[in-house]
Amino acid sequence: MNPAEHLLETRRQFLTTSASGIGGAALASMLAGEPAAAAESRTDPLAPREPHLTNAKAKACIFVYLAGAPSQFELFTPKPKLMELNGKKLPDSLTEGVRFAFINRNATCLASKRKFAQHGESRMWFSDALPHLATCADDICMIHTMHTKAFNHHPGQLVMCCGMQSFGRPSMGSWVTYGLGSESENLPGYVVLTAGGAARGGATLYSNGFLPSSFGGVQFRNQGEPVLNLDNPAGLTREVQRKSLDALADLNGERLRLQGDDEIRSRIDAYELAFRMQSAAPELIDTSGESRSTLDSYGEGDFAKNCLLARRMVERGVRFVNIFHGGWDAHGGLAGNITNNSKAVDQPLAALLKDLKARGMLDSTLVVWGTEFGRTPLAQGNDGRDHHPFAFSMWMAGGGSRAGYTHGRTDDVGWSIEENPVHANDFQATALRLFGLDDRKLTYRFKGLDQRLTGVGEDGKLVPELMA
Amino acid sequence: MKHTIASTFAAIVAIGSTSFAADETVTVDFERDIRPILNSSCVKCHGAKKREGGLRLDARAFAMTGGDSGEVIRPGKGEESELLTRVTSDDPDVRMPPDGKRISARQIELLTRWIKTGAEWPDDSDRVAASQDHWSFEPVTRPDLPDRAERNPIDRFVRARLAAQGLDPNGPADRHTLLRRLSLDLIGLPPSPAEIDKFVNDDSAMAYEKLVDRLLESPHFGEKWSMQWVDLARYADSDGYEKDLPRPHAWRWRNWLIDAINRDLPFDQFTVQQLAGDMLPGATNQVKLATGFHRNTLTNREGGVDAEEFRVKAAVDRINTTMTVWMGLTAGCAQCHTHKYDPITQREFFSLYAFFNNTDEQDLAADLEPEQQAAYDQALAAHDKTLKDLQAQLKVEQPAINTRLNEWLAKQRRVLEEKWIPMEIVSRRQSGGPIGGGVLLGGRGQYEIVATTPLSRVTGIRLTVAPAADKKTDTGFTISHVSVTVKPAGKGEAGRLFLAQTRSSDPTSPNPSGILRTDAAGWSVKKQLVDPATLFIGTADKLGAAGLRGNELTTGSQDGETNLLNVFFNSPILGLGTVSKVRVFTMATAGASFGAYLLRRDGTSHRIVYRQDFTADGQAGEKEYPLKPVWEVQPGDVFAHSGNGGPTFGGGAGTKDVIHYPVSKLPAKGATVDFSKLPTIASRRYSMQVEFKPAPVDYEFVKPEWDDKGAQLTFQLMMSNDLADRLSFAVTNEAEPLVESISGIPADIARIVRTSDDERSQDQQKKLIDWFVSQDDMGQKLAKQIADHQKKIPKKPAALIHTVKVSGSRPTHVHIRGDFQKKGLEVQPGTPAFLPKLSPRGDRPDRLDLARWVIDPSNPLTARVAVNHIWAQLFGQGLVRTTEDFGTQGDTPTHPALLDWLASEFPRLNWSRKALIRSILLSDTYQQSSRNRTEVERKDPENRLLARQNRFRLEAELVRDQYLAASGLLVRQVGGRSFRPPLPDSVTRVQFVNKWTADSGDTLLRRGLYIHLQRNLILPMLMTFDRPEAILTCTRRDRSNTPLQALTLLNAPVFVESAQALAASIAANESLNDDSRIAQVFLRTVSRTPSSIEHGRVKQLLADLVDFYSENPEEAKKLIGSGHAKYWQATNLKPETAAVWVAITRTLLNLDEMITRE
């Protein structure tokens, strides 16, 4: 056998043998209480896995994160009482002992200048800032009673994205990918897209934390090189790349033969996936094959492009997509902030929901409108609102969430929750459940504890009303 | 230890009215009566396993300490004992045991009596010990070596275990592998071809040991071994959180670390210096710098944060990190509740936290780096030289400038003097007489000076106080309460000139515009009056403009505002208004009567319209008394004040003569009195002020004018302090009297101008010249150049070291459920009960005591944890795999005896890190091959028993280092600041505030350890290779294997650059042929020569690439073009050939072996 034939033989062998190296062992311990994932045709950590519970509808998630805390009073919750109280103080009993970021408790109420109306058969409220989204009312599951303890942005974003204020924890996208793997063989399982300025927490919001880095969010760009370092150097064509990687695989295979270390096999696999990504990722962001009407429905701008890409990713088996849209922190200039930001996200989000629905994908795709907290009914200056973690609004759609349903009630001024509170961890536990994941079982042993998205304590109660 | 119940405890209980124990001699026996109750009803939840609420009732030490919310047993005080409250409560949420189980009435009786009689509980410390039976909490004992043939103790332990499992170890690794392994493990860099050649061919018995010793002494040893500690210290170059501002001085701590490891600072000192270096006696800045370890906590600078919240967070992180790094304890769990698994209660956590609760941050000045200092010195010298040149030029020009100055001075004086008309003094009411056209003042008091004016209208008055010719004064003076009346020379009544704003020529006067204020300040001129001092007073024609200023009764408030008026003799109120309060100097005699009165002109007499009596409270000093009702005041009203004539009124500055009646003589309210006959007591000093609120009336009035030129102005003024000086007056009718007559000249210069040449002091002369130079064309030009140049003085670069310091003594409380705002029990600094006792130096244990406790030989954890960290570096995993957790939830050691042997060896080697590493490296266990065998894989798939060495991927920073080293690009500078590699915008865009500014030049080719760590934007390459985010302490990194890693190594700029540089140096070497070139690339990348199979495969690739690039020369040009031309310019290679070698080196640089320690 000449050297080349010998190598070819080796390669054939290891590509057909399944691996059980360190990567496999790590995976085996991942799903506490579950038998180790059966050997799949794929040996990488992102190989798809079954959830804890059967019959779950959600297969993919598009988590749209509106960073900076959009005002619920300008978008989702009409509060006629605030009209009456405009310019007046709230009763001391409400504001006693409350911490504020910037205003003080003597600040006066600010009525919304937005017009509200009920939409769809569900009679769901939307303000005139979101005319497109309002047409999707009957697909949306609206929650008016979100609450959290964090009242500064970065800590709040950590709670909503990673479950706790503390650092170094995996984001929800990492947990879901860890739990379910990815359906895509050519793309990362968890992708991040940003638009409209940065989310202040930066990469800490889509980090894999203590989970293996295969589960970290991979940032995609919506034009040019979609993934960092995806493109070969100029002059190093795909053909040269193929020849190089063939040689590399053979040489690594030879090392594998000598050393018997399965990590080398994973390395060879990783290079092959990288090669596939080199064609799959550009194809993904090339939207020229989309119909004119589809492109028009999403509209213009980075955020619109990201919504369309998110759909294309989910179509291609990506498990979790985070879209970040920053700039909602309106301590002043609230009216303009709401108008401009709403204009950027309203049409694309409505288009995304309709597009998913038309393609029969909405049932299996959970779309989330998320943020760190809400804003005060009190004015900061004459046209701004401060941070308000005690009651705020978020919504989801698809993926087995309850369509056309509005959950929870706040008081007349939207200060506090009157019934059906939903803590950020409750929301997360419920969202995981839509994927068939039990947040108590989706654990990872770190620092002597079985860690989970919703923290190590008793927090994170399911909210069955939110599920269809 | 066993105790007998009878001998240790027998309590005789005095019985009250309880039902069962009629017999007063009944004995409550703890073991017989109480322990069974606790065991059956309490210990299930409050025992060693569960510790609900931090409470344990299974041993005395725990029970008496109580739970997270405090004591539960108070011996002798049943009613204060939570234990009894809980078992007897009717509230199901409070009652224990929960869930409807109840303990019997008799049991309650027993418990009650037991506590009331002192809650005797015999010593049962053996139970405490038994309940914490966990291997890592046991003291370290040095185990005997297994009886085996191996010389090296480590091998004996490992091989004994292998033998027991029927496994053989691998043989030694080949020399290439061994050399590469040692190089990577000790310095993190591959061996050079020359080093490979030398070692592989060194047949001496000591070759390996010599190599070990050489690498241990390399300055790069500190770089490699600092990396692990950098992770533990969660070191970063930025604050973290939203703003994530850079920390441009943080790297100095990293320099300390590299240096400490290079000079093998013993681990005990290494520990104490980092935890409490600031508290060591005679600590140098270098030692204090070590405490930078705990300055690596995050800082939240987001708007609207509660600083206390984040101070607490940092302190909590400091104790968590300390416990994890040194003792392998996950103490952090106990922040919110008693640890579920390890024996740390929440109170103990906060006792640990207390050590850091009184630690604040402190930045100290540091020396500049030598090259920084040199650059700074050079810049400073250059700056000085230019400055001197400019000053020399100015000196040349000076005579001409002086001439111009003198001409200018003469002219200005003429202008100045024409404006002000000196007044002739006609009379004065005070002893002494007019001298030299001015008034010689005779000490403090009230003056009335009459002078004539030639002007028919006065817009401004100038008062000049000159130093007496015959004596230099040594006290300052204050003039206040100036009033001016004008009496025309002919017929007509005298009228008041209303004085408005004032301005003093003396910029040093503490209150240059205060002449009209009624407080003590007035126009104050400080001591040692040498030059004449001048005050300008404008006159007002509208009260609206001047408020009520201009009258001696008022302060400088605007119309409608409340004024505090000083009341004194003959000072009628000007306007309508109300008075709501009076303020007086009270008598010190308690009970003394006095009062305030308002008198109103009633024809020729005065009527008393208001009267209010007060009683002194005996406290001397200024007192305020509200008036009931509020007094309505009209213009011309006069206040009076009464007392019992006591002489004990407060005196001193600010007291005034007032119309004063003895209480007994004052007429009743409504009575009419002759004003002129009212008694005034000028000999005593009383003070009264009233709070006057003017009615909103327009006080406009016409400014007095008079026809004749001989009008008399009468000045009344107060002078305090004993200054006797000449006072002269001048008047003007200029439109803007307060604008100094020399327009465009500052007041202090104008004052110097007015001073005659021979009276001018040296200082004044200099000031004048400097000012004039600044106005002179030539002078100005030069002066500006000098001033501009001086502004450009090179700034000394900031150089700080971040340290900590002890701060006060904040009390420490348990934070209920970890919430810093919910304070529970107060706790003292202390260490957990299950660990050896702390031996504090003083009464209150401090951080230095803690540091010494951590490293004390009796501490069972520290040495075990430390040697395990070192072991993990050399074998890819620790003997205890959970390097961060030695608690009950952590992994157990694979080789407990070996771990203890190493833990006892470390202090025996004087905590020398190098010595310990050396002894491990000399073992066969370390040196064996890493080849996996089927037999081993089957029996021990994770190689826990070490039948072979481990093969593992290098850390992110080292991955990068390998490429730069292989290509020859690496800059091997040890230490120094961090650098930022270039990043695409799409990556840096996530930064919210702090933008990423890339460095350039050779600094980019330094080792990965020095890459700037921006917490919210860790370099993607580092993240892709599992570098932690530098937010929490990290004891072991992941080693993932992902396609993003492949893309990074194939295409990221620094890696492509490495392929180019390596290709250029190989391909252009004409002494090589293709075969030897391939061998060279192997040597440079993976430190060995290729096998024939490998060689053949690379030759095949080479042939394929030659075909491709000769058919596609334009692609070849692209590959070696643009950014990479610099590597190829000096060669004569055809692009097609060069491109082939770039593709070859890029392929071989991507070998798995390249980033793996074999």
Side-chain angles (χ1 to χ4, degrees), chain A residues 2-4 6-7 20 23 25 99 101-102 152-154 167-168 194 198-204 207 212-214 216 218 221 227-237 239-240 243-244 247-248 250-252 254-255 258-261 263-264 266-267 270-271 273-274 277 387 447-449, chain B residues 241-242 302-306 330 341 884-885 887 889-890 930-932 942 951 984 986-987 989-992 1016-1017 1020 1026 1029 1031-1032 1038 1040-1048 1051-1052 1056 1092-1094 1096-1098 1100-1101 1104-1105 1108 1115-1119 1139 1143 1146-1147 1150-1153:
Chain A
N2 70 34
H6 163 85
L7 282 171
S20 65
R99 291 166 75 190
F102 293 97
N152 298 116
H153 292 288
H154 196 174
F167 284 104
T194 62
R200 297 183 178 188
T204 56
S207 149
S213 62
S214 306
V218 175
R221 291 181 284 178
V227 176
L228 201 58
N229 306 316
L230 188 74
D231 296 345
N232 292 329
L236 209 144
T237 61
E239 186 183 344
V240 175
K243 286 181 194 302
S244 301
L248 184 63
D250 288 344
L251 293 166
N252 280 337
E254 174 66 3
R255 196 69 189 165
L258 293 173
Q259 287 286 353
D261 179 359
E263 276 299 298
I264 304 177
S266 303
R267 179 87 50 216
Y271 274 82
L273 175 52
M277 269 173 70
H387 306 168
K447 289 210 166 160
L449 280 175
Chain B
Y241 287 110
E242 182 208 32
E302 184 180 334
V305 301
D306 183 336
T330 55
Y341 307 107
E884 75 286 358
D885 189 3
Q889 295 303 293
S930 59
R931 202 169 90 79
N932 197 3
E942 293 176 39
R951 235 184 139 258
S986 61
V987 173
R989 206 166 49 187
V990 307
Q991 277 295 83
F992 176 61
N1016 288 354
L1017 183 62
D1026 304 306
E1029 287 166 313
I1031 285 172
L1032 296 171
D1038 280 339
S1040 68
N1041 196 338
T1042 71
L1044 290 186
Q1045 290 173 0
L1047 290 172
T1048 303
N1051 296 332
V1056 172
S1092 64
I1093 291 176
E1094 290 167 332
R1097 185 64 183 87
V1098 178
Q1100 186 193 319
L1101 175 65
D1104 287 352
L1105 291 169
F1108 177 84
E1115 298 292 346
K1117 283 203 189 90
K1118 277 193 235 161
L1119 183 55
R1146 177 171 173 269
T1147 303
N1150 274 274
L1151 286 173
D1152 176 72
E1153 207 178 338

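For B:A1052 against A:N229, the heavy-atom pair with the smallest separation is CA-OD1, 3.3 Å. Summarising the geometry of A:A270 relative to B:A1046, their closest heavy-atom pair is O-CB, 4.1 Å, with the distance given to 0.1 Å.
In this structure, chain A has heavy atoms under 4.5 Å from both the backbone and the side chain of B:V305. Both the backbone and the side chain of A:R267 come within less than 4.5 Å of a heavy atom of chain B.
With rounding to the nearest 0.5 angstrom, the CE atom of A:M277 is 5.5 Å from the CG atom of B:L1044. Atom-to-atom distance recorded for A:E254:CD and B:D1152:CG is 13.0 Å, nearest 0.5 angstrom. The distance from atom CD of A:Q259 to atom CD of B:E1153, rounded to the nearest 0.5 Å, is 7.5 Å. With rounding to the nearest 0.5 Å, the separation of CG in B:D1104 from OG in A:S244 is 9.5 Å. Note: A:L251 CG to B:R1097 CZ = 6.5 Å, rounded to the nearest 0.5 Å. Atom CG of A:N152 and atom OH of B:Y241 lie 9.5 Å apart (nearest 0.5 Å).
The candidate from B:T1048, B:N1150, B:V1056 with the greatest count of non-hydrogen atom pairs under 4.5 Å with chain A is B:N1150. Interface summary for chain A: among B:S930, B:G887, B:P984, B:G890, the most heavy-atom pairs under 4.5 angstrom belong to B:S930. No other option in B:I1031, B:D1038, B:D306, B:D1026 has as many heavy-atom pairs under 4.5 Å with chain A as B:I1031. Between chain B and the residues A:A274, A:G235, A:G260, the most heavy-atom pairs under 4.5 angstrom are made by A:G235. Among B:R1146, B:K1117, B:Q1045, the residue with the largest count of heavy-atom pairs under 4.5 Å with chain A is B:R1146.
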ask   = Going through the checks in order, is the side-chain contact (heavy atoms from CB on, under 4.5 Å) test met by A:E263 and B:N1041?
value = CA-CA 8 Å; A:E263 276 299 298; B:N1041 196 338; 3.1 Å; yes

Exercise for the section: Please report the C-alpha distance between A:L230 and B:N1051 in whole Å, then the side-chain angles of each, then the deciding distance to 0.1 Å, and finally whether the side-chain contact (heavy atoms from CB on, under 4.5 Å) criterion is met. Expected result: CA-CA 7 Å; A:L230 188 74; B:N1051 296 332; 6.0 Å; no

**Asked** Checking side-chain contact (heavy atoms from CB on, under 4.5 Å) for the pair B:L1101/A:K243: CA distance, chi angles, key distance, verdict?
**Response** CA-CA 7 Å; B:L1101 175 65; A:K243 286 181 194 302; 4.0 Å; yes

Checklist entry - How far apart are the C-alpha atoms of A:L236 and B:K1118, what are their side-chain angles, what is the distance that settles it, and do they pass the side-chain contact (heavy atoms from CB on, under 4.5 Å) test? => result CA-CA 8 Å; A:L236 209 144; B:K1118 277 193 235 161; over 6 Å; no

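With contacts defined as side-chain heavy-atom distances shorter than 4.5 Å, the pair A:D250/B:E1094 does not qualify.
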